[in-house]
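The structure appears right after this line, and notes come after that.
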Amino acid sequence: TFPDNSAGFIRAVNKSLRYSTLNRVQVISFTARLNKKQIFKEGQRIKAPLADAWSCYRGGLKPCGKCESCLRRIRAEE
């Protein structure tokens, strides 16, 4: 659903970075193969400040709770 979170997107970004940087900058995603529930559980395991994480794709002072990203996060927290 979110192509910017896919392995293909990461490969494309890294290909672009090879052309635009000389110091081998690359994007590494430790969560690309995880679903939202797995990512949330891993965040809890490592005691990440999940209350400070933002999943919402809409602008605002707080997550909307209605967009697909918010709904996935809500399900992941269950």
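This is a predicted model, so every value here is computed, not measured.
Within 6.0 Å of NZ in K37 there are more than 12 heavy atoms belonging to other residues, nucleotides or ligands.
Cluster membership for L50 and I74, using ILVMFWY side-chain heavy atoms within less than 4.5 angstrom, is not shared. Note on V25: it clusters hydrophobically with F9, by side-chain heavy-atom contacts below 4.5 Å among ILVMFWY residues.
The shortest non-hydrogen separation linking I10 to A32 is CD1-CB, 3.9 Å. In this structure, W54 and R73 approach most closely via the heavy-atom pair N-NH1, 4.3 Å. Heavy atoms only, all atoms of each residue included: N14 and V27 are closest at OD1-N, 2.6 Å. Across all their heavy atoms, C64 and C56 have their closest contact at N-SG, 3.4 Å.
Evaluation of the ring-ring contact (aromatic ring centres under 6.0 Å, His included) test over residues 58-78, restricted to residues two or more places apart or in two chains, returns none.
No side-chain heavy atom of R58 sits under 4.5 Å from any side-chain heavy atom of S69. No side-chain heavy atom of K36 sits less than 4.5 Å from a side-chain heavy atom of F40.
Here the CD-OG1 distance, from E42 to T31, works out to 10.0 Å after rounding to the nearest 0.5 Å. To the nearest 0.5 Å, atoms CD (Q26) and OG1 (T21) are separated by 9.5 Å.
Put simply, the side chain of S16 never gets that close to the backbone of A12: no donor and acceptor are under 3.5 Å apart.
A salt bridge is absent between R72 and E78: the closest approach of a Lys/Arg side-chain nitrogen to an acidic carboxylate oxygen does not fall below 4.0 angstrom.
Residues meeting the salt bridge (Lys or Arg N to Asp or Glu O under 4.0 Å) test with R33, sequence neighbours left out: none.
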